[in-house]
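Taking it in order: structure first as structure tokens, then the write-up.
Only this structure's heavy atoms are used, side chains among them; waters, hydrogens and symmetry mates stay out. Each chain gets a letter, A, B and so on, in the order the sequences are listed, and its residues count up from 1.
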Amino acid sequence: MLQQTTVGAVIPYYERFVSRFPTVRALADSPLDAVLSAWAGLGYYARARNLHACARAVADSGGFPSDLAGLQALPGIGAYTAAAIGAIAFGLPAVPVDGNVERVVSRVFAIDQPMPAAKPAIRDAALRLGADPMARERPSDFAQALFDLGATVCTPGVPACGVCPWVGACAARALGIQASLPRKAPKKVRPVRYGVHFWLTDDAGCVLLRTRPYQGLLGGMTELPGTAWRATPWAVEDAMADAPMAAAWRAAGQVRHVFTHFELILDVLAAHVPRVEGAGFAARLDALDDAALPSVMRKCVRMAVAS
DNA sequence: AACGCGTGGAC
DNA sequence: TGTCCAAGCGT
């Protein structure tokens, strides 16, 4: 859960998740849809799909691998997570290099190549630090100390060098370039895409939903039926070709949502019919809290209900 | 190697 | 409002 996600965002999800799936076996025996429901709102849903596959692999093989290569071969576990598990769970002399560690190490050693080209040099330098006898004796504490140094002292922007225990050893500080490291490539422009989604309710207290393909963006998650997301806005009459039913559609409002690599502007159209029909499935309105609706779709629901 | 992949908080 | 970015991974 912590891959690219803040501790504050993760904690409530973590508590609910381990309560609902208390063991690897429980997670492995649960349907993927239940896992995606528990993950809904946290983002990067491939993590949930990978974690589920990982639990099944671990359960099938009778336990966790006990070495880094075995860990990294599991779905969703890369070099960082394998090292973190190795150091923290198994006490192996591994150095997990996350964004915090990259920042600390690039500064201490004044590695001023731009990211991501600097990654190999940073990793090598981190491994040198990890070769210190004290680090090798306490791999978990060493990893946690690097995380916390990066999170609270050696921060992005202007770091708190005045209270840093490594200020005397920091090459970037000596050069006065600490605030500019690690160097990053310029950002790319974020394109805008447009779509139309349909909120269709009926007399039985249901709404029509559908499941997205299990690969790609929001893979396996639930959504309101809608058009494709494209670079040009939709004329209402064109979007109607994708409406689930002929009905008295009304404009419920507009939703804006920013993804990592594009911005999305959605028009929400709403209608009420005696009984919903169309591709997808009817879900009870009073059960939407438990649905696998990603945040962008919850915004659409909120807009439709409020209109 | 570069890109696709979510979300919400901090500033 | 916009911008940055967080305990990365898979392709």
Side-chain angles (χ1 to χ4, degrees), chain A residues 1-14 36 39-54 71-89 94-105 113-120 122-123 126 139-152 154-159 179-180 182-193 212-223 229 255-264 266 292-300:
Chain A
M1 284 184 173
L2 286 164
Q3 290 167 356
Q4 291 288 281
T5 304
T6 56
V7 172
V10 160
I11 286 173
Y13 280 87
Y14 174 81
L36 292 176
W39 206 277
L42 194 56
Y44 283 142
Y45 299 99
R47 295 179 298 175
R49 305 194 297 271
N50 285 333
L51 182 60
H52 185 245
C54 182
L71 288 166
Q72 198 173 337
L74 291 167
I77 298 183
Y80 159 76
T81 305
I85 294 170
I88 296 171
V95 182
V97 181
D98 72 334
N100 288 306
V101 179
E102 285 180 344
R103 189 167 53 253
V104 171
V105 168
Q113 285 175 278
M115 296 291 282
K119 282 177 178 284
I122 291 173
R123 176 179 48 76
S140 176
D141 289 338
F142 181 68
Q144 195 65 54
L146 281 182
F147 294 163
D148 289 344
L149 186 65
T152 66
C154 195
T155 52
V158 182
S180 66
R183 285 181 51 199
K184 300 202 169 172
K187 308 279 183 202
K188 299 186 174 173
V189 295
R190 185 161 18 223
V192 181
R193 292 186 196 166
R212 292 178 59 87
Y214 280 86
Q215 314 232 333
L217 182 70
L218 306 176
M221 301 298 287
T222 301
E223 67 176 359
W229 298 341
V255 165
R256 176 178 177 271
H257 190 77
V258 180
F259 291 101
T260 310
H261 52 298
F262 68 97
E263 173 183 344
L264 184 62
L266 298 178
L293 288 166
S295 289
V296 58
M297 286 298 144
R298 289 187 189 268
K299 287 185 186 177
C300 293

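Taking atom CE of A/Met297 as the reference point, atom P of B/dT7 lies 10 Å away to the nearest angstrom. Rounded to whole Å, the distance from NZ on A/Lys184 to C1' on C/dC5 is 7 Å. As rounded to whole Å, 13 Å separates atom C1' of C/dC9 from atom CD of A/Glu102. Put simply, OH on A/Tyr14 is 21 Å from C1' on B/dT7, counting in whole angstrom units. One interatomic measurement links the two molecules: CD of A/Gln4 to C1' of B/dG6, which rounds to 11 Å at whole-angstrom precision. Distance CD (A/Glu263) to C1' (C/dG2): 11 Å, rounded to an integer number of Å.
Listed pair A/Lys187 / C/dC5 meets the phosphate criterion, a side-chain N or O lying under 4.0 Å from OP1 or OP2. Taking 4.0 angstrom as the limit, A/Tyr44 places none of its side-chain polar atoms (N or O) nearer than this to OP1 or OP2 of C/dA6. Dashed line: the shortest gap from a side-chain N or O of A/Arg47 to OP1 or OP2 of B/dG6 is not under 4.0 Å.
With B/dG6, C/dA6, C/dG8 as the candidates, the nucleotide lying closest to the side chain of A/Asp98 is C/dG8. With distances taken from any side-chain atom of A/His261 to the nucleotides B/dT7, C/dG8, B/dC5, the minimum falls on B/dC5.
Remark: the separation of the P atoms in C/dA7 and B/dG4 is 24 Å, to the nearest Å. Taking atom P in both C/dT11 and B/dG6, the straight-line distance is 14 Å, to the nearest Å.
Under the side chain to side chain contact (heavy atoms under 4.5 Å, CB included) criterion, A/Phe262 pairs with A/Pro191, A/Arg193, A/Leu217, A/Trp229, A/Phe259, A/Leu264, not counting sequence neighbours. A/Tyr13 pairs by the ring pair (Phe, Tyr, Trp, His ring centres under 6.0 Å) definition with nothing, not counting sequence neighbours.
Toward the 5′ end of DNA chain C lies the nearest nucleotide of A/Gly157, the other residue of the pair A/Gly76 and A/Gly157 mapping further downstream. Both A/Lys188 and A/Gly219 lie near DNA chain B, and the one whose nearest nucleotide falls closer to the 5' end is A/Lys188.
At a cut-off of 3.5 angstrom, the base of B/dG6 holds at least one donor-acceptor pair with the side chain of A/Thr260.
In the displayed structure, A/Tyr14 atom OH is contacted under 6.0 Å by at most 12 heavy atoms of other residues, nucleotides or ligands.
Using a 4.0 Å heavy-atom criterion, one finds that A/Arg49 contacts no nucleic acid atom at all. Among the heavy atoms of the strands, none lies under 4.0 Å from A/Arg190. Using a 4.0 Å heavy-atom criterion, one finds that A/Gln144 contacts the bases of the nucleic acid, with or without backbone contacts as well.
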Can you check nucleotides 8-11 of chain B for protein contacts, nitrogen or oxygen pairs under 3.5 Å, and list what you find?
unit_1 : atom_1 : unit_2   : atom_2 : d
B/dG8  : OP1    : A/Ser295 : OG     : 3.2

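Comment: A/Glu223 engages A/Arg212 in a salt bridge, judged by a side-chain N to carboxylate O separation of less than 4.0 angstrom.
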(request) Show your reasoning for whether side chain to side chain donor-acceptor pair (under 3.5 Å) applies to A/Arg103 and A/Asn100. (result) CA-CA 5 Å; A/Arg103 189 167 53 253; A/Asn100 288 306; 2.9 Å; yes
